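In what follows, a single structure is set out as structure tokens and then discussed.
Numbering of ligands and ligand atoms starts at 1, following listing order. Because the structure is predicted, anything quoted here is derived from the model rather than measured. All values below were derived from every heavy atom in this structure, side-chain atoms included, with hydrogens, water molecules and symmetry-related copies excluded.
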Amino acid sequence: MNVLERLRQSFAAATPEGGDPAAFASAVRPSTDAKFGDYQANGCMALAKAQKKNPREVASEVAERVDLLPLAGKPDVAGPGFLNVRLEDPWIVDQLRDLLNDATLGVAPAKQPKTVVVDFSSPNVAKPMHVGHIRSTVIGDSLSRILAALGHKVIKDNHLGDWGAQFGMILWGWKNHRDEANYATDAVGELARLYRLTNAKITAKEPGVEDAARAETAKLHADDPENVALWHQFMPECLSALTAIYDRLGVTFDVQLGESFYNPMLAEVVQDLESKGLSEQSEGATVVFIDREKAPFIVRKKDGAYNYATTDLATIQYREETWQPDQVLYVVDSRQGDHFKQLFAVAKRWGYERADLQHVAFGTILGADRKPLKTRAGDNVGLESLLDEGIAEALKVVKENSPDLESEEHVRVAEVVGLGAIKYADLSQNRLSDYVFDWSKMLAMNGNTGAYLQYAYARSQSIFRKGGLTPEGIREQRPTIFITSPAERALGLRLLRLSETLELAASELKPNILTDYLFDLANAFSTFFEECPVLKAESTERRDSRLALVDLTGRTLKFGLGLLGIDVIERM
Ligand code: ARG
């Protein structure tokens, strides 16, 4: 059950006269400090101000009127007009007991399931994936998992950049500078080398190269047999390199419709915009003006070529016709913000206004110098080598922290901890901010890290092993749950909050809402573990009650980490 939602409904029904129930309900939040109760309703002050009333009086009236039973009794009026809600212990205990045998941990499927297309990862192929691609990949993957867990129909689409200008650069490089022997042993490496070489020549303004590369792209788009054949030769190599990375990351897609897929539709898109009078000619290009003061949206360049924008319009049309999505999430770097603003505005005018199109933007990964992360040589950091480095760093930490494990165990654990650290460090940021990449912080055993949560999970499992007991046994027994100490109560309360956390993460499209919750849960577990003896509890009844809390904590951590795409280990 979504506890927060349930409380909000009750408060909405008790909204003071003249107030807006939705606004009043949305001012109900989990308390930041246990001394203000478990939840707070903070809507009375604003309402009283608007109606020139005494906020404490308004709050007292609501306290009398609101019916929170059986979750809670009458809320307390505090400070200038806050209402503090304290959940009833017997109710918490009942809920926990139900949760113990609930396979979904209290997460109910959405009443109105949505169809959501998640456009994520979407690298430009033909150059190796670099650190910049990790964000879209892990954020998109995690949001997809969260939405699916809530019962939504999710279509994960890797909108590969397999048709753009970088292919022209590779084609030009191939025709002028290829190293066949290198291609035979390392096709992707050779293509990457050619890309870099051509790019460097263009940057250095070597005469003719830029135009020549552009001409190669144009020939490809115009079905030139040689270029099309090369494209078909290169693509499988590029895709297999990408697949290797996705396999390592445990990321899958439902469809992988790259830009090339939309090529045959582009001419019609522009014709349609023209015939509807939405586009016009400007300096030889076909454009749509959204705001006359600003640069227009170019849908056909003056040389006749269609571009990224045209492709994105065709994609919107195709998705609408194929899946009728309610929502489309574009998990893309915030630097593309203007493109998406224009795209969405044009789509709307074009008649595609049913689906909620959202740019799920994210910031940049920075190095210690607070500039975008680069290698010492100034290149982009390759994703493959980053993953290797993460696992190597994790191995050091694991060896130090888990001296009892066998050495092959160390390697396996390091793999899970290293990948988890990289993903968690990314997902635990507010996605809009930039963050500094720092191995020692990412792999700290204490603090808001993947390793800390994985460790908390392993600890929950080791308690059962030590006691020679199984979680299944405890579940079957349906023990009475006691929350007599503050640590037990705090832990139990958090276990009830998974559902509201996931709904919030899904509505704000922010995985860090989930990481914050899991961190908070692991902290509550750690305090519980220090203060409440489990296997040495004063009675079997108490022991089993605590084991039930341990089991629920372990399951919640595992499930939550799973929604972040992070694995757990039974023994660390
Ligand atoms: N390939 C693009 C890039 O690497 C990202 C594509 C994002 N998706 C989209 N539908 N535009 O910048």
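Of all non-hydrogen atoms in C238 and V125, the two that sit nearest each other are CB-CB, 4.1 Å.
A search for side-chain contact (heavy atoms from CB on, under 4.5 Å) contacts involving K175 returns E216, K219, E226, N227, L230, not counting sequence neighbours. Looking at residues two or more places apart in sequence or on another chain, you find a side-chain contact (heavy atoms from CB on, under 4.5 Å) between R145 and D141, L563. For Y435, the ring-ring contact (aromatic ring centres under 6.0 Å, His included) criterion is met by no residue, not counting sequence neighbours.
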Please lay out, stage by stage, how N158 and Y246 fare under the test side-chain hydrogen bond (donor to acceptor under 3.5 Å, both in side chains). CA-CA 11 Å; N158 192 7; Y246 292 133; 3.2 Å; yes
Tabulating one pair per line, provide the atom names and distances (0.1 Å) for every N/O atom of ligand 1 that is less than 3.5 Å from a protein N/O atom.
| residue | atom | partner | partner atom | Å |
| --- | --- | --- | --- | --- |
| ligand 1 | 1 (N) | S122 | O | 2.9 |
| ligand 1 | 1 (N) | N124 | OD1 | 2.9 |
| ligand 1 | 8 (N) | D119 | OD1 | 3.1 |
| ligand 1 | 10 (N) | D119 | OD2 | 2.8 |
| ligand 1 | 10 (N) | D312 | OD1 | 2.8 |
| ligand 1 | 11 (N) | Y308 | OH | 2.8 |
| ligand 1 | 11 (N) | D312 | OD1 | 3.4 |
| ligand 1 | 11 (N) | D312 | OD2 | 2.9 |
| ligand 1 | 12 (O) | Q336 | NE2 | 2.8 |

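Within 6.0 Å of the CG atom in D438, the count of heavy atoms belonging to other residues, nucleotides or ligands exceeds 12.
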